[in-house]
Amino acid sequence: MRNNACEALKRAIEKYRATAPLAAAENLLPYRGGEGGWLASPFDGNSWWTGGFWPGLMWQLWAASKDDWFAGEALRAEELLTAEFRTFEKLNHDVGFMYLLSCGARWKLTGDAQARTDTLHAANLLMGRFNPAGFIRAWNEPERVGYAIIDCLMNLSLLFWATDVTGDPRFAHVARIHADTALREFLRPDGSVSHIVELDPVTGARIREHGGQGYALGTAWSRGQAWGLYGYALAYMNTGDTRYLEASRRIAGFFMDHIRPDGLTDCDFLQPTQPERLDNIAGACAACGLLELERLTGGAEYRRAAEALLDGLIDHCCDWSKDRCGLLTHCTASYHDDAAGVHTNIVYGDYFFVEALAKLNGTDPMLWRK
Ligand code: GLY
């Protein structure tokens, strides 16, 4: 790698030491950074799916620095998130992101019993979304009762976690059923993955694919590719099932074929050349998955690709200033939804960027697993 990952991680810790207290001062759960402060999610407040990335980031920074301020900040955020158990009907399949990186992380790193109970509660919420026709329901709108989405692959980690800590195989069994459905319905012959597939909620038969957060129906939303790449690598780690490893490798192959010369990541790999629309969250998340693939397979090409992505981010898209909050720039929530953020900082971009640096630095606590 051209840049020094250890140095970048140190700079991230310094930036966050300076700016994270601004979130604590307002008792808010950041969705994105801005000039002199943090902004909460414009959608659904603390029940928005991204809430876990802030405490997850604080735990990553704690693991790398052993600065207890970060642990206290993670706990403050966790308390906001566990209060959201009472909103129940706003929560969806993204409870894996929300609670594995908050109470799940705290249990892993401190052994706190209440944190374990809360994480288990979240796992049971995810189990409650399982449709025995063969998939985990993504969202709550009545017209989306049969929707399954690729993002869920990452959330399956919460179910594998629950089986690991309780010894009860039901959780992992459900996770495997969903992962198998996704192998059949999402993974395309060229190694790309669909974002949304609607299944018949009674029979499980495929109804149709829907366009999601990418450019158009049938294209390749880059963050969806990253969710699939990393999600299947995690499913393999949790099961030893080589079909999941093969899926992760196929998606990785497709992703690596689309890495730009500057190391930045297009929002959709099949988008028009103009306007330029980047989503560096996808690159940061894919880098994490690629580093795990290198560890699992010894494949040096995965390491080289992860380093190209991280070099691109460090060279072009890191805001190290302590006056502005948020580190990674040019993150895009959704190709067509400007309100959710286009070419801006978004908290889960910072999370995955720091997780990838932590992997290279040997401090990643691997929050996705027990
Ligand atoms: N899980 C939704 C997203 O990636 O934007």
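Note that ligands are numbered from 1 as they come in the structure, with each ligand's atoms numbered from 1 the same way.
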Side-chain donor-acceptor contact under 3.5 Å, Arg249 with Tyr302: yes

Heavy-atom pair of closest approach, residues Ala12 and Trp320: N-CZ3, 3.6 Å

Within the distance-only criterion (no hydrogens, no angle test), does the side chain of Lys10 pair as donor or acceptor with the backbone N or O of Ala5 below 3.5 angstrom? no

Would you say the side-chain atoms of Asn280 pair up with the backbone N or O of Gly283, donor to acceptor, closer than 3.5 Å? no

Taking distance alone, no hydrogens or angles, what donor-acceptor pairs closer than 3.5 Å link side-chain atoms of residues 21-38 to residues at least two apart or in another chain?
residue	atom	partner	partner atom	Å
Asn27	OD1	Arg76	NH1	2.8
Tyr31	OH	Ala340	O	2.9
Trp38	NE1	Thr19	O	2.9

According to the interplanar angle, ranging from 0 to 90°, do the rings of His195 and Trp221 count as parallel (below 30°), tilted (30 to 60°) or perpendicular (above 60°)? tilted

Between ligand 1 and the protein, find all N/O pairs closer than 3.5 Å and give the distance for each.
residue	atom	partner	partner atom	Å
ligand 1	1 (N)	Asp151	OD2	2.6
ligand 1	4 (O)	Asp151	OD2	3.4
ligand 1	4 (O)	Arg223	NE	3.0
ligand 1	4 (O)	Arg223	NH2	3.2
ligand 1	4 (O)	Trp227	NE1	3.0
ligand 1	5 (O)	Gln213	NE2	2.7
ligand 1	5 (O)	Arg223	NH2	2.5

